[in-house]
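Along the sequence shown, residues carry numbers from 1.
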Amino acid sequence: MDSVLYIREEGNQKGKKMSSSFFYHLGAVRDESLMHEVRNPLFDSDSPTPVVAFLSVTSKVAASASATRIFDIPFYFSSNEWHLLLEILAILSMILGNLIAITQTSMKRMLAYSSIGQIGYVIIGIIVGDSNDGYASMITYMLFYISMNLGTFACIVLFGLRTGTDNIRDYAGLYTKDPFLALSSALCLLSLGGLPPLAGFFGKLHLFWCGWQAGLYFLVSIGLLTSVIFFFSPNEWHLLLEILAILSMILGNLIAITQTSMKRMLAYSSIGQIGYVIIGIIVGDSNDGYASMITYMLFYISMNLGTFACIVLFGLRTGTDNIRDYAGLYTKDPFLALSSALCLLSLGGLPPLAGFFGKLHLFWCGWQAGLYFLVSIGLLTSVVSIYYYLKIIKLLMTGRNQEITPYVRNYRRSPLRSNNSIELSMTVCVIASTIPGISMNPILAIAQDTLF
């Protein structure tokens, strides 16, 4: 049995600082005394192997395949509008997936979170669509991605079965014991990162080129940046994360104030929301940083989708999304006006809505971790966001005839069947944006136990 197990090497050089770079570990040779200590033959991570495999590959493939179909049914008459939502999802996936991945010490979790980043690249192809070979490049990259991801996962499984660990640091010197497994892992990881001349490079190249031709310059730039992040260690990016969080919170909210379009206001405020989420990434496993971040993300998705559904409905019924044209909406459609108000207030973080409890726990985790300046910026920008959300709500609730625009005076409910599905989605999101905050602790416990 000992012949199929790698020997863990430990010795006198424990005090020597070891680089967190995976490839340094993979090729490192250490002259240390040997110990025949083997841990549990299964992974020492809390997440079950089948769960990680499913989350890492299958769910991403299913999500990308069904996204076009799901959005095409209820949002058929507003296909241009939901492109904005897809762009927001792509940016969040690419940034958060890769940034969380570089903080991991477990190979399984690193692969799972980097897969979230990969789905952001795939969404670029969905947004491009039939024009410029968007779907073709997306499907091609998905085929490459499945091969790269399953190959990496197979290497992790083999190493775990032979050593009982999946900690990244424990891969040190693997090349000296099993060159084939070490080279296989390196090739799969380099292809996932997109290094030439491997398949991942050509898949990403064609996907990004299609996006660039379609005018998605910002999205492609984010994709290129996050592809580079894959090759760096967490310590090198800690300061950058703090700077990125501050810039996101300040610029996102300040630019959102100046917008006259509801869609653009929502898009720029989403950039500010990324800054709040990054606080949880910086905190990490300590003080429930990841759990509070994921909980807030769940709340945020509900709040954002709810607001977006309200904007789509109003646009379909009036033909405009100018903020001033929402004046007096409560007099014509109280339900839509109240739904918009609740989602916006929850996004701003007003109690007792879900957004308040999500931000409260996220900021508290950051405060406990000593991120006083970052949390202070978060609180200040949250107040700014509440200001411009309240301005919109004041317009919604106004009853003065001189302020009501012709768009609202001529407001009519549309009989289209697609509107019913949007209203149902909006109702579900409004409920999810208000009620779950009361049960914050059970949700946090589920996130902590399930994912970490």
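For the pair Met297/Gln273, no side-chain contact is recorded, criterion being any heavy-atom separation below 4.5 Å from C-beta on. Residues Ser115 and Tyr145 have side chains in contact (heavy-atom distance under 4.5 Å, counting atoms from C-beta outward). His206 has its side chain out of reach of Tyr141: every pair of non-hydrogen atoms, C-beta onward, lies at least 4.5 Å apart. Side chains of Glu242 and Leu371 form a contact here, defined as non-hydrogen atoms less than 4.5 Å apart. The closest side-chain heavy-atom distance from Thr163 to Asp170 is not below 4.5 Å. Side-chain contact check for Asp178 versus Leu158: every heavy-atom pair is 4.5 Å or farther apart. Within the 4.5 Å cutoff, the side chain of Val283 has no heavy atoms near those of the Met293 side chain. Here the side chains of Phe373 and Ile246 are in contact, with some heavy-atom distance below 4.5 Å.
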Item to complete: Given side-chain contact (heavy atoms from CB on, under 4.5 Å), test Ser292 with Trp364 step by step and report yes or no.
Response: CA-CA 9 Å; Ser292 61; Trp364 177 243; over 6 Å; no

Worksheet item: Does the pair Phe202 and Thr140 meet the rule for a side-chain contact (heavy atoms from CB on, under 4.5 Å), with working shown?
Response: CA-CA 10 Å; Phe202 292 103; Thr140 303; over 6 Å; no

Fill in: Steps toward side-chain contact (heavy atoms from CB on, under 4.5 Å) verdict (Tyr389, Leu345)
CA-CA 7 Å; Tyr389 290 144; Leu345 289 172; 5.6 Å; no

Discussion item. Assess the residue pair Leu254 and Tyr268 against the criterion (side-chain contact (heavy atoms from CB on, under 4.5 Å)); give the C-alpha distance rounded to whole Å, side-chain angles, the decisive distance to 0.1 Å, and a yes or no.
Written reply: CA-CA 9 Å; Leu254 289 182; Tyr268 283 113; over 6 Å; no

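Here the CD1 atom belonging to Ile119 is positioned 6.5 Å from the CD1 atom belonging to Ile126, to the nearest 0.5 angstrom. Between Leu353 atom CG and Leu344 atom CG the span is 11.0 Å, to the nearest 0.5 Å. In this structure, the separation between CD1 on Ile278 and CG on Leu244 is 4.0 Å, given to the nearest 0.5 Å. Of the inter-residue distances, the one linking Thr381 atom OG1 with Leu379 atom CG reads 8.0 Å to the nearest 0.5 angstrom. Atoms CZ and CD1, from Arg264 and Ile311 in turn, are 12.0 Å apart once rounded to the nearest 0.5 Å. Note that the OG1 atom of Thr434 and the CZ atom of Phe299 stand 10.5 Å from one another [nearest 0.5 Å].
In this structure, Gly378 and Tyr276 approach most closely via the heavy-atom pair O-CE2, 3.7 Å. Listed here is the closest heavy atom pair of Met94 and Asn98: O-ND2, 2.8 Å. Taking each heavy atom of Ser114 and Ala101 in turn, the nearest pair found is N-CB, 3.8 Å. Minimum interatomic distance between Ile116 and Ser93 (heavy atoms only, all atoms of both residues): O-CB, 3.4 Å. Closest of all the heavy-atom pairs between Ser106 and Asp166 is OG-OD2, 2.7 Å. Closest approach of Leu207 to Ile124, counting heavy atoms only: O-CG2, 4.1 Å.
Classification of the Tyr171-Phe159 ring pair by plane angle, with boundaries at 30° and 60°, yields parallel.
Remark: side-chain polar atoms of Lys359 are paired, donor with acceptor, to backbone N or O of Leu347 under 3.5 angstrom. Between the Ser433 side chain and the Met303 main chain, a donor and an acceptor come within less than 3.5 Å of each other. Of the possible donor and acceptor atoms, none in the side chain of Ser346 sits under 3.5 Å from a partner among the backbone N and O of Leu342.
Remark: Phe356 CZ is packed, more than 12 non-hydrogen atoms of other residues, nucleotides or ligands lying under 6.0 Å away.
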